[in-house]
Participant: 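Here's a structure for you.
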Amino acid sequence: MKTDKIKEQFAKVALPMSAEIKDFIKENGHHVIGQYTIEQVYSGMKGMIGMVTETSKLDPEEGIRFRGYSIPELQDKLPKAHGDSEPLPEGIFYLMLMGQLPTEDDAMNVSIAWARRSNVPKHVFDMLDALPVNTHPMTQFSMAVMALQTESVFAAAYRKGLNKKEYWDPMYEDVMNLIARLPRIAAYIYRRVYKNNVHIEPDPKLDWAANFAHMLGYDNYDMKRMMRLYLTIHADHEGGNVSAHTTHLVGSALSDPYLSFAAGMNGLAGPLHGLANQEVVRWILDLRDYYGGAAPTKEQIHDYVMKTMEEGKVVPGYGHAVLRKTDPRFTAQMDFASKYMPDDENCRIVKMVYEVVPPILEGFKKIKNPWPNVDAHSGAFLIHYGLVEYDFYTVLFGESRIRCTFFIIVGSCTWSSS
Ligand code: HAX
């Protein structure tokens with residue numbers, strides 16, 4: 001099996017770490033670390049420490065930190081594409097994988113490795129072409145990942161007979177291949193559904209996010225910069241969210257990464273999780289329609305929120321199972337909007353909604369977090385740059401989220417190999 005620089009570095013970091021973790025468990029495994037209530041058991045283990053996720057930590061008050069770094073710190077410290085202000089998603093992948101900040105060369109090596117692995121076999125496109133074109137893009141995405149399972153290096157190696165110590169190696173291959181192939185698949189779905197099936201070939205000279213924007217059909221610099229930010233901030237949110245947890249759970253049966261990730265994507269496609277990003281845009285467009293199409297006033301937003309609540313629906317983009325403050329991923333997007341699209345009408349509406357919604361939701365005592373989450377903003381950006389087909393938005397989220405889910409699988413396999 002061919003190796004690459006990233007893989008060699010990963011083996012150097014992960015294999016000793018897996019031995020260290022085994023020793024730690026041997027020595028400390030008997031300690032009791034918590035108690036829990038019946039309510040926690042009934043509400044899906046909320047607030048119970050039930051797993052270790054090394055790639056990121058979600059603090060209820062502060063939000064997400066990736067390997068200890070906040071989002072603003074990462075925007076400052078991670079390598080950037082030439083002349084860009086936003087980090088390359090390759091860098092956050094490297095940070096999550098190795099536990100240390102990448103150099104520019106490291107990020108470049110990830111980019112090269114993904115470009116080399118990005119070929120998608122024809123049968124995946126044939127399968128997509130056989131689906132009704134109105135199949136939801138997330139369903140197409142999950143099915144395409146399943147169709148790609150024919151390529152699983154792990155499944156083939158396991159069938160031949162594989163020592164436990166060797167699991168991590170073909171798992172790594174699958175993870176990297178799948179990450180590399182996803183942009184092509186996602187772009188194919190987009191162009192098939194919304195752009196008359198006219199497809200755009202990848203440009204291997206571009207970084208992962210810029211190449212994705214290119215294949216979607218958005219070659220302007222601003223969209224590429226936005227895509228780098230988008231694919232960086234959605235990468236990970238500890239292990240308890242539905243998509244990462246599902247992927248980890250299915251992967252723990254040694255289902256290969258294609259099977260595990262498709263399962264996670266089916267969870268991401270729920271409106272209380274990743275699909276909330278399309279629901280936010282739908283809600284704002286419905287709100288505008290309701291008041292005749294013009295930008296709404298704060299009073300109108302207030303009344304529309306009350307109407308949503310009275311109808312027994314949720315206000316999409318608000319609330320969180322763990323967070324108790326404004327999501328820093330929302331703030332990063334709002335800052336980006338103020339900098340690069342200060343006059344955009346939908347971004348202005350998102351900001352007004354942010355001023356109006358929390359005080360209303362705070363009035364409903366049962367709601368534990370009245371503040372916006374990551375999904376409250378992203379659609380407004382995409383509309384600004386012309387990507388208006390909001391049914392597609394959760395696919396973008398899925399493409400980003402793959403990096404957390406696959407590190408978990410690589411990690412768990414590595415641990416079982418020591
Ligand atoms: N609008 C209306 N009601 C809300 C609400 C909101 N934004 N957030 C919570 N509630 C309600 C819940 O539906 C629940 O009501 P019931 O007791 O009648 O069932 C009650 O308040 C208590 O909920 P909670 O404990 O505060 O929140 P949960 O942990 O149960 O749920 C959710 C967290 C994110 C699912 C929830 O806040 C919600 O439905 N938000 C809107 C959908 C959304 O934005 N989802 C994306 C979340 C982030 C994410 O995963 N992104 O991908």
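Both counts, for ligands and for their atoms, begin at 1 and track the order of listing.
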Participant: Taking both backbone and side-chain atoms of V314, is any N or O found less than 3.5 Å from an N or O belonging to ligand 1?
Facilitator: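 N/O-N/O distance below 3.5 Å does not exist for this pair.
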Participant: May I ask you to decide if the ring planes of Y188 and H199 are parallel, tilted or perpendicular, using 30° and 60° as cut-offs?
Facilitator: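 Parallel: the ring planes of Y188 and H199 meet at under 30°.
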Participant: Working to the nearest 0.5 Å, report the span between CD1 of I64 and NE2 of H237.
Facilitator: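 Here the rounded value is 4.5 Å.
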Participant: How long is the straight-line distance from OH of Y390 back to CD of Q278, given to the nearest 0.5 Å?
Facilitator: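 These two atoms lie 7.5 Å from each other.
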Participant: Please confirm whether L272 comes within less than 3.5 Å of ligand 1 when only nitrogen or oxygen atoms on both sides are compared.
Facilitator: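 So ligand 1 has an N or O lying under 3.5 Å from an N or O of L272.
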Participant: Kindly indicate whether atom 25 (O) of ligand 1 is approached by any protein heavy atom to under 4.0 angstrom.
Facilitator: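 For atom 25 (O) of ligand 1 the answer is yes, since some protein heavy atom falls inside 4.0 Å.
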Participant: Which atoms of ligand 1 are found less than 4.0 Å from any heavy atom of G274?
Facilitator: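 Near G274, meaning under 4.0 Å from one of its heavy atoms, ligand 1 has 52 (O).
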Participant: Within the protein, is there a heavy atom lying under 4.0 Å from atom 2 (C) of ligand 1?
Facilitator: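 Yes; the ligand atom in question has protein heavy-atom contact below 4.0 Å.
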Participant: Provide, to 0.1 Å, the distance between atom 6 (C) of ligand 1 and the closest protein heavy atom, together with that atom's residue and name.
Facilitator: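 Protein heavy atom at minimum distance: V315 N, 3.7 Å.
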Participant: Taking heavy atoms and a distance under 4.0 Å, where does K46 meet ligand 1: side chain, backbone, both or neither?
Facilitator: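 For K46, only side-chain atoms sit under 4.0 Å from ligand 1.
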Participant: If you apply the rule side-chain contact (heavy atoms from CB on, under 4.5 Å), what do you find for W208 with L88, and how did you get there?
Facilitator: CA-CA 8 Å; W208 193 64; L88 286 164; over 6 Å; no
Participant: In the complex you have, is atom 32 (C) of ligand 1 within reach of the protein, judged by whether a heavy-atom distance drops under 4.0 Å?
Facilitator: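 Answer no: nothing from the protein, no heavy atom, is under 4.0 Å.
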Participant: So, for A380 and C347, which heavy atoms are closest and what is the spacing to 0.1 Å?
Facilitator: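 Shortest heavy-atom separation between A380 and C347 comes out as CB-SG, 3.8 Å.
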Participant: Run down the list S378, P271, G267 and name the one with the heavy atom closest to atom 42 (C) of ligand 1.
Facilitator: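 Considering heavy atoms of S378, P271, G267, the nearest to atom 42 (C) of ligand 1 sits in P271.
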Participant: Determine, using heavy atoms of F397 and all atoms of ligand 1, whether some pair is separated by less than 4.0 Å.
Facilitator: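 Distance cut 4.0 Å: F397 passes for ligand 1.
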Participant: Identify the closest protein heavy atom to atom 22 (C) of ligand 1: which residue and atom is it, and at what distance?
Facilitator: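 Protein heavy atom at minimum distance: K366 O, 3.3 Å.
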Participant: Heavy-atom contacts under 4.0 Å between N373 and ligand 1: side chain, backbone, both, or neither?
Facilitator: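 The answer is the side chain of N373.
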Participant: Mind jotting down which residue pairs meet the salt bridge (Lys or Arg N to Asp or Glu O under 4.0 Å) criterion with at least one end in residues 332-350? Sequence neighbours excluded, please.
Facilitator: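 Of all non-adjacent pairs touching residues 332-350, those that pass salt bridge (Lys or Arg N to Asp or Glu O under 4.0 Å) are R288-E345.
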Participant: What do you reckon, does I367 put a non-hydrogen atom under 4.0 Å from ligand 1?
Facilitator: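 A heavy atom of I367 does come that close to ligand 1.
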Participant: Got the closest protein heavy atom to atom 38 (C) of ligand 1, with its distance?
Facilitator: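 The closest heavy atom on the protein side is Y318 O, 3.9 Å.
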Participant: G317 heavy atoms, cut-off 4.0 Å: which ligand 1 atoms fall inside?
Facilitator: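 By the 4.0 Å cutoff, the relevant atoms are 43 (C), 44 (O).
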Participant: Which atoms of ligand 1 are found less than 4.0 Å from any heavy atom of A276?
Facilitator: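 Per the distance check, 43 (C), 44 (O), 45 (N), 46 (C).
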Participant: What salt bridge (Lys or Arg N to Asp or Glu O under 4.0 Å) pairs are there with at least one residue in residues 373-393, not counting sequence neighbours?
Facilitator: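 Applying salt bridge (Lys or Arg N to Asp or Glu O under 4.0 Å) to every pair that reaches into residues 373-393, excluding sequence neighbours, yields K195-E389.
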Participant: Are any of the N or O atoms of D375 closer than 3.5 Å to those of ligand 1?
Facilitator: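 The answer is yes, given that D375 and ligand 1 share an N or O pair closer than 3.5 Å.
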Participant: How does M309 reach ligand 1, by side chain, by backbone, by both or by neither, if only non-hydrogen atoms under 4.0 Å count?
Facilitator: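 It is the side chain that touches ligand 1; the backbone stays farther off.
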Participant: For atom 27 (O) of ligand 1, which protein heavy atom lies nearest, and how many Å away is it?
Facilitator: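 Result for atom 27 (O) of ligand 1: H320 O, 4.5 Å.
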Participant: Can you list the steps and then say if K325 with E61 is a salt bridge (Lys or Arg N to Asp or Glu O under 4.0 Å)?
Facilitator: CA-CA 6 Å; K325 285 277 162 64; E61 301 298 321; 2.9 Å; yes
Participant: For K368, take its heavy atoms, then give the atoms of ligand 1 lying under 4.0 Å from any of them.
Facilitator: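 So the atoms of ligand 1 that pass are 25 (O), 26 (O).
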